[in-house]
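Please read these numbers as outputs of a predicted model, since none were measured by experiment.
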Amino acid sequence: MNIVKDVISEDLCRKCNAEIDEMVEGEKWSVSNVNWDKSLRQGYTGTCLAAKVSPSIKLKVLSAIQKHLPKVQQDKYYLQYHYWLHGSGIQWHNDETYKFGATLYLNPWNKRWGGLFLWENDEGIHGEIPEPRKLVVVEKDPHSVTPILSHAPYPRRAIQIWGYM
């Protein structure tokens, strides 16, 4: 587990959020209810929207965070926006088909709104509150996201990054 705060600039974070804002009105999103394995959605009632990060933003984000990521063959990374709506979350899993999974948080968040990142290692279960520009990198540790509660005033925004073996 690796956690790095302020890993991207405020300007780049604004650009990521602006790209999400442009995409929210469009039809560029896939939905967790259809595309995620049933075991990842078990018990969750909401939907997480997902969309590809544009090539220009992808290059900027990777150049800012790559030194904090595990090395992968031929720089094989996949980046996707996640737009977590009320009731969405993800069950415990370990991203076993990837070398690592990482989350870059994009908007302010309050722990009282749910959406907490949990992970488990030999020392027990730990939690992390999303903060803009914070990167959380996981290699094989089981992890999950608690449900986004109905009183959250807006969706939780993040970029998911996976590194291929």
Side-chain angles (χ1 to χ4, degrees), residues 3-42 44-66 68-69 72 75-91 93 95 97-118 128-138 143-164:
I3 300 168
V4 184
K5 291 187 175 189
D6 301 326
V7 72
I8 63 171
S9 68
E10 289 182 11
D11 183 57
L12 182 52
C13 190
R14 274 192 295 277
K15 287 178 180 174
C16 292
N17 279 303
E19 186 166 67
I20 290 172
D21 290 340
E22 288 175 16
M23 296 168 77
V24 164
E25 300 298 321
E27 298 178 8
K28 298 181 180 192
W29 298 90
S30 63
V31 294
S32 59
N33 303 42
V34 173
N35 293 328
W36 289 4
D37 185 270
K38 188 176 181 177
S39 65
L40 298 175
R41 300 179 278 122
Q42 186 178 21
Y44 291 88
T45 59
T47 299
C48 178
L49 304 179
K52 278 188 174 182
V53 175
S54 70
S56 63
I57 296 288
K58 177 181 177 177
L59 286 174
K60 291 174 184 171
V61 167
L62 279 175
S63 70
I65 69 171
Q66 201 162 9
H68 302 289
L69 302 176
V72 295
D75 293 330
K76 290 186 176 182
Y77 301 100
Y78 183 73
L79 278 69
Q80 188 177 62
Y81 289 118
H82 276 190
Y83 193 77
W84 299 82
L85 301 173
H86 292 139
S88 65
I90 191 165
Q91 273 293 352
H93 65 286
D95 293 330
T97 59
Y98 303 100
K99 179 161 185 164
F100 73 88
T103 304
L104 174 61
Y105 300 106
L106 298 175
N107 60 330
W109 200 252
N110 185 307
K111 65 185 176 188
R112 298 177 62 83
W113 302 339
L116 303 178
F117 179 80
L118 303 178
E128 198 64 37
I129 300 168
E131 297 174 26
R133 307 185 304 130
K134 181 194 287 184
L135 178 70
V136 175
V137 183
V138 180
H143 55 281
S144 70
V145 174
T146 65
I148 306 298
L149 300 177
S150 62
H151 65 280
Y154 43 79
R156 178 179 171 272
R157 297 173 174 215
I159 295 178
Q160 292 303 129
I161 303 113
W162 290 278
Y164 292 92

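No option in Lys5, Lys134, Lys111 other than Lys134 meets the salt bridge (charged side-chain N to carboxylate O under 4.0 Å, His left out) test with Glu128.
The side-chain contact (heavy atoms from CB on, under 4.5 Å) test applied to Glu25 returns no partner, not counting sequence neighbours. Phe100 pairs by the side-chain contact (heavy atoms from CB on, under 4.5 Å) definition with Leu69, Pro70, Val72, Tyr77, Ala102, Val137, Glu139, Ile161, not counting sequence neighbours. Residues passing the side-chain hydrogen bond (donor to acceptor under 3.5 Å, both in side chains) test with Lys99: none are found, sequence neighbours excluded.
Between Ile65 and Ile8, some side-chain heavy-atom pair lies under the 4.5 Å cut-off. Between Val61 and Val53 the shortest side-chain heavy-atom distance does not fall below 4.5 Å. For the pair Ile20/Trp29, a side-chain contact is recorded, criterion being any heavy-atom separation below 4.5 Å from C-beta on. The closest side-chain heavy-atom distance from Leu135 to Ile3 is not below 4.5 Å. Counting only heavy atoms from C-beta outward, the side chains of Trp162 and Lys76 never approach each other to under 4.5 Å.
Between the His143 side chain and the Phe117 main chain, no donor and acceptor come within less than 3.5 Å of each other. In terms of modelled atom types and a separation under 3.5 Å, the side chain of Gln80 and the main chain of Ala50 share no donor-acceptor contact. With hydrogens and angles disregarded, a donor-acceptor distance shorter than 3.5 Å links the side chain of Arg41 to the backbone of Trp36. In this structure, His82 contributes its side chain and Thr103 its backbone to no donor-acceptor pair below 3.5 Å. The backbone N or O of Arg157 lies less than 3.5 Å from no partner atom in the side chain of Asn17, so there is not a single donor-acceptor pair. Distance alone, capped at 3.5 Å, is enough to place a donor-acceptor pair between the Thr146 side chain and the Leu116 backbone.
Shortest non-hydrogen contact noted between Gly115 and Arg156 is O-NE, 2.9 Å. Nearest heavy-atom pair across Tyr44 and Pro147 is CE2-CG, 3.6 Å. The two atoms that bring Leu85 and Pro155 nearest to each other are CD2-CG, 3.8 Å, heavy atoms only. Among all heavy-atom pairs drawn from Pro132 and Pro108, the shortest one is CG-N, 3.4 Å. Closest non-hydrogen pair, Ile57 versus Cys16, comes out as CG2-SG, 3.7 Å. Across every non-hydrogen atom of Arg112 and Leu149, the tightest pair is O-CD1, 3.4 Å.
Ring orientation note: the planes of Tyr154 and Trp113 are nearly perpendicular, at an angle over 60° on the 30°/60° scale.
Between the CD1 atom of Ile159 and the NZ atom of Lys58 there is a distance of 11.0 Å, given to the nearest 0.5 Å. Rounded to the nearest 0.5 Å, atoms NZ (Lys15) and OG (Ser9) are 7.5 Å apart. Rounded to the nearest 0.5 Å, atoms OG (Ser63) and CG (Leu12) are 7.5 Å apart. Rounding to the nearest 0.5 angstrom, the gap separating the CD atom in Glu19 from the OG atom in Ser56 is 6.5 Å. Once rounded to the nearest 0.5 Å, the distance linking CE of Met23 with OH of Tyr83 reads 11.5 Å. Atoms CG and CD, from Leu104 and Gln160 in turn, are 9.0 Å apart once rounded to the nearest 0.5 Å.
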| task | Using the side-chain contact (heavy atoms from CB on, under 4.5 Å) rule, take Ser88 and Thr47 through it: C-alpha gap first, then chi angles, then the decisive distance, then the call. | result | CA-CA 5 Å; Ser88 65; Thr47 299; 5.6 Å; no

| Run the side-chain contact (heavy atoms from CB on, under 4.5 Å) check on Ile90 and Trp84 step by step: do they pass? | CA-CA 10 Å; Ile90 191 165; Trp84 299 82; 4.1 Å; yes

| Is there a side-chain contact (heavy atoms from CB on, under 4.5 Å) between Ile148 and Trp109 once you walk through the steps? | CA-CA 11 Å; Ile148 306 298; Trp109 200 252; 3.8 Å; yes

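In this structure, a donor-acceptor pair under 3.5 Å is present between the side chains of Ser39 and Asp37.
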